[in-house]
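Input: a single structure, listed below in structure tokens.
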Amino acid sequence: MTKNQQFKTSTSVITRRHFLRGAGVTLALPLLECRAQTKPISSGQDTAPQRMLLISNNLGVLPGPFFPKTSGADYQLSPYLKELKTYANDFTVFSGLSHPACEGGHSTENCFLTGARHPTSSGFRNTISLDQYAAEHLGRQTRFATLNLGVNIDKANRSLSWTRDGVLLPAEDSPAHLFRKMFIQGSDAKVKQRLQALKRRESILDAVSDSTQQYSRALGQNDRRRLDQYFTSIRELEQRLVTSGEWEQNPKPKVDQQLPQDIVDRGLLFDKFEQMLMMAALALQSDSTRIVTLMVDAFATPVFQLQEDEKSSTGYHPLSHHGMRPDHLAQLEKADRRQMSLLLQLFERLTEVQAESGRLLDSTMVLYGSNMGDANTHDNTNLPVLLAGGDFRHGQHLAFNREQNSPLCNLYVSMLQQLGVESDQFGSSSGTLTGLKS
């Protein structure tokens, strides 16, 4: 088959999967002409040392003990928030926030940081997540643009982190592997091997350049523009590979922390959660990255340890469908309070560490929340959301309409701007979040 025959498309239907070939390289093409929705990728740069840690438990918490009864700056802490009272002036709690038209119970778990609509609809495709959007605009400032972590996570099906094309980015669930990536340099031979592997991946488009030009000329205007965007994203990927190569040649930071040992027992949920929070804090403290996501996959968690001498009577998911049974509610409250105690430890750790201009907490936005407003009823409205640190004016309960919720993405826009991203829109946002001031 000649090149002209291979890429002649004016009288033939473009199949769902098409390829360009050259110099021994095969490059899959995107879906064209209404088969995929993409937007041009923009970039920005900001050297301000702002950071972001985004945490979600996909089964949420009991709404009653979490949400305060009063609002404003002099609100009364709820039973759960009393666990964090030492840092009451360092966080804001929100009510009346959710993602518009993001319904469907557990299917919304992958949309917590995207706000994508109708995740149960036919042909649903997720959108870019908050962390990836921020990384695109800020560029590569650290060894890792972002770190995507998980606890007990079903890696093939769940993630907080999604690309612009709606592709799941698998979460790292091994603290030991993460530690090696961040802090263990390896031998000169290993570094050289990684550099050679990166170099082999740098020139994908160059190898198919002739085929690219011929193929592009045969396309309509819309498909040509979409293809150009696709190639632009690959060029940016190649540039990130070059940057990765540069980082490979820089010594990794040294820490006093010993290599952690992975906890394989999925029933030790909170021990694993604590370990991953510590790794996230180490990543931020060492400036290995400035953006971290962490999904606690409670849905995939079996019978688990509630306290040192007590286990849950069933897996986390069936337990969350408590039906107001007192024994289930009591166990869930213990689980929720364990989460609050781990947040307290995290705040303490970020407070003790001195960053460029004060406490690390002051330059780190810590978002804790869930796609579930009430797991018992599969309700995806009035989501439990708490934001700490990041140099915002905290110490308040911002209460929005619990019947007609405000977009959670408004909070995300405020966070993006605090991070240094010049953007006034993300997902389903209608602006920044009213009442949240830096």
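Side chains are part of it too, since the values below use all heavy atoms of this structure and drop only hydrogens, waters and symmetry mates. Since we're looking at a predicted model, the values are computed, not measured. For the single chain, residues carry numbers from 1 onward in sequence order.
- Under the side chain to side chain donor-acceptor pair (under 3.5 Å) criterion, His317 pairs with His106, His321, sequence neighbours left out.
- Remark: side-chain polar atoms of Asn89 are not paired, donor with acceptor, to backbone N or O of Gly395 under 3.5 angstrom.
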Worked check of side-chain contact (heavy atoms from CB on, under 4.5 Å) between Cys102 and His118: CA-CA 5 Å; Cys102 183; His118 307 300; over 6 Å; no
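- Using modelled atom types, one finds no donor on one side chain facing an acceptor on the other under 3.5 Å when comparing Asp391 with Ser363.
- Leu350 CG to Gln345 CD: the interatomic distance, rounded to the nearest 0.5 Å, is 12.0 Å.
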Derivation and outcome, side-chain contact (heavy atoms from CB on, under 4.5 Å), residues Phe347 and Val366: CA-CA 9 Å; Phe347 296 165; Val366 180; 4.1 Å; yes
Verdict with supporting geometry, Glu83 and Ser341, side-chain hydrogen bond (donor to acceptor under 3.5 Å, both in side chains): CA-CA 7 Å; Glu83 303 280 343; Ser341 68; over 6 Å; no
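- Scored by the side-chain contact (heavy atoms from CB on, under 4.5 Å) test, Glu310 finds Leu306, Gln307, Lys334 as partners (sequence neighbours excluded).
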side-chain contact (heavy atoms from CB on, under 4.5 Å) assessment of Tyr368 paired with Gln339: CA-CA 10 Å; Tyr368 171 84; Gln339 293 181 75; 2.5 Å; yes
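- A pairwise comparison of heavy atoms in Ala101 and Pro119 identifies O-CD, 4.4 Å as the closest pair.
- Between Arg51 and Asp287 there is a salt bridge, since a side-chain N of the basic residue sits under 4.0 Å from a carboxylate O of the acidic one.
- A donor-acceptor pair under 3.5 Å links the side-chain atoms of Ser174 to the main chain of His177, judged by distance alone.
- You'll find the side chain of Leu294 stays beyond 4.5 Å of the side chain of Leu160, heavy atoms only.
- Although no hydrogens or angles enter the test, the distance criterion places a donor-acceptor pair under 3.5 Å between the side chain of Thr289 and the main chain of Phe144.
- Within 6.0 Å of NZ in Lys155 there are more than 12 heavy atoms belonging to other residues, nucleotides or ligands.
- For Ala300 against Arg158, the heavy-atom pair with the smallest separation is CB-NH1, 4.0 Å.
- Under the 3.5 Å distance criterion, with hydrogens and angles disregarded, no donor-acceptor pair is assigned to the side chains of Tyr80 and Glu333.
- Closest approach of Ser129 to Thr114, counting heavy atoms only: CA-CG2, 3.7 Å.
- With sequence neighbours excluded, the residues satisfying side-chain contact (heavy atoms from CB on, under 4.5 Å) with Asp362 are Arg359.
- Taking the side chain as every heavy atom from C-beta outward, Leu387 and Met365 approach each other to under 4.5 Å.
- Defined by atom type and a distance below 3.5 Å, a donor-acceptor pair is missing between the side-chain atoms of Asn57 and Ser370.
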Check against ring-ring contact (aromatic ring centres under 6.0 Å, His included), Phe400 and Phe94: CA-CA 8 Å; Phe400 298 91; Phe94 307 88; 7.2 Å; no
Test side-chain contact (heavy atoms from CB on, under 4.5 Å) applied to Val151 and Asp173, step by step: CA-CA 6 Å; Val151 175; Asp173 60 354; over 6 Å; no
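- Put simply, the side chain of Asn380 reaches to within 4.5 Å of the side chain of Met372, judged on heavy atoms.
- Summarising the geometry of Pro407 relative to Leu97, their closest heavy-atom pair is O-CD2, 4.2 Å, with the distance given to 0.1 Å.
- In this model, no donor atom of one side chain and acceptor atom of the other lie less than 3.5 Å apart for Asp165 and Thr163.
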Intermediate values then yes/no, ring-ring contact (aromatic ring centres under 6.0 Å, His included), Tyr87 and Phe91: CA-CA 7 Å; Tyr87 293 92; Phe91 68 81; 8.6 Å; no
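- With hydrogens and angles disregarded, no donor-acceptor distance shorter than 3.5 Å links the side chain of Asn157 to the backbone of Asp154.
- For the pair Asn152 (side chain) and Val296 (backbone), a donor-acceptor distance under 3.5 Å is absent.
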side-chain hydrogen bond (donor to acceptor under 3.5 Å, both in side chains) between Gln50 and Arg290, intermediate numbers included: CA-CA 7 Å; Gln50 294 295 318; Arg290 292 177 184 167; over 6 Å; no
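- A heavy-atom distance below 4.5 Å is found between the side chains of Leu343 and Met340.
- The nearest pair of heavy atoms linking His397 to Ser95 is NE2-OG, 2.8 Å.
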For residues 58-73, which side-chain N or O atoms pair as donor and acceptor with protein atoms under 3.5 Å away, sequence neighbours left out?
from  : atom 1 : to     : atom 2 : distance (Å)
Asn58 : OD1    : Ala298 : N      : 2.9
Asn58 : OD1    : Phe299 : N      : 3.2
Asn58 : ND2    : Glu109 : OE1    : 3.1
Asn58 : ND2    : Asp297 : OD1    : 2.8
Thr70 : OG1    : Gln76  : N      : 2.8

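- By the 6.0 Å contact criterion, CD on Gln261 is open, its count of non-hydrogen atoms from other residues, nucleotides or ligands being 12 or less.
- Ser423 and Tyr133 are linked by a side-chain donor-acceptor pair at a separation below 3.5 angstrom, with hydrogens and angles left out of the test.
- Closest non-hydrogen pair, Asn371 versus Leu383, comes out as O-CD2, 3.3 Å.
- Distance alone, capped at 3.5 Å, places no donor-acceptor pair between the Thr92 side chain and the His394 backbone.
- The side chain to side chain contact (heavy atoms under 4.5 Å, CB included) with Leu53 is formed by just one residue from the set Asp131, Leu346, Ile291; it is Leu346.
- Using a 4.5 Å heavy-atom threshold, the side chains of Arg337 and Pro79 count as touching.
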Using a 3.5 Å cut-off and no angle test, enumerate the donor-acceptor pairs between side-chain atoms of residues 429-438 and protein atoms at least two apart in sequence or in another chain.
from   : atom 1 : to     : atom 2 : distance (Å)
Ser429 : OG     : Phe426 : N      : 2.9
Ser429 : OG     : Phe426 : O      : 3.2
Ser430 : OG     : Asn410 : ND2    : 3.2

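- The side-chain heavy atoms of Leu54 and Leu113, taken from C-beta on, include a pair separated by under 4.5 Å.
- You'll find the side chain of Cys111 reaches within 4.5 Å of the side chain of Asn126, heavy atoms only.
- Not counting sequence neighbours, the partners of Leu268 by the side-chain contact (heavy atoms from CB on, under 4.5 Å) test are Ile263, Asp265, Asp271, Gln305.
- Side-chain contact check for Glu103 and Thr108: no donor-acceptor pair (N or O, by modelled atom type) lies under 3.5 Å.
- For the 3.5 Å distance criterion, the side chains of Ser288 and Ser286 qualify, holding a donor opposite an acceptor.
- Side-chain N or O atoms of Gln132 include none that pairs as donor or acceptor with a backbone N or O of Arg164 at under 3.5 Å.
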Step-by-step side-chain hydrogen bond (donor to acceptor under 3.5 Å, both in side chains) determination, Thr381 to Asp379: CA-CA 6 Å; Thr381 64; Asp379 184 7; 2.8 Å; yes
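- Under the 4.5 Å side-chain criterion, counting only non-hydrogen atoms from C-beta, Lys272 is in contact with Arg266.
- Side chain of Arg140 to backbone of Arg143: a donor-acceptor contact under 3.5 angstrom is found.
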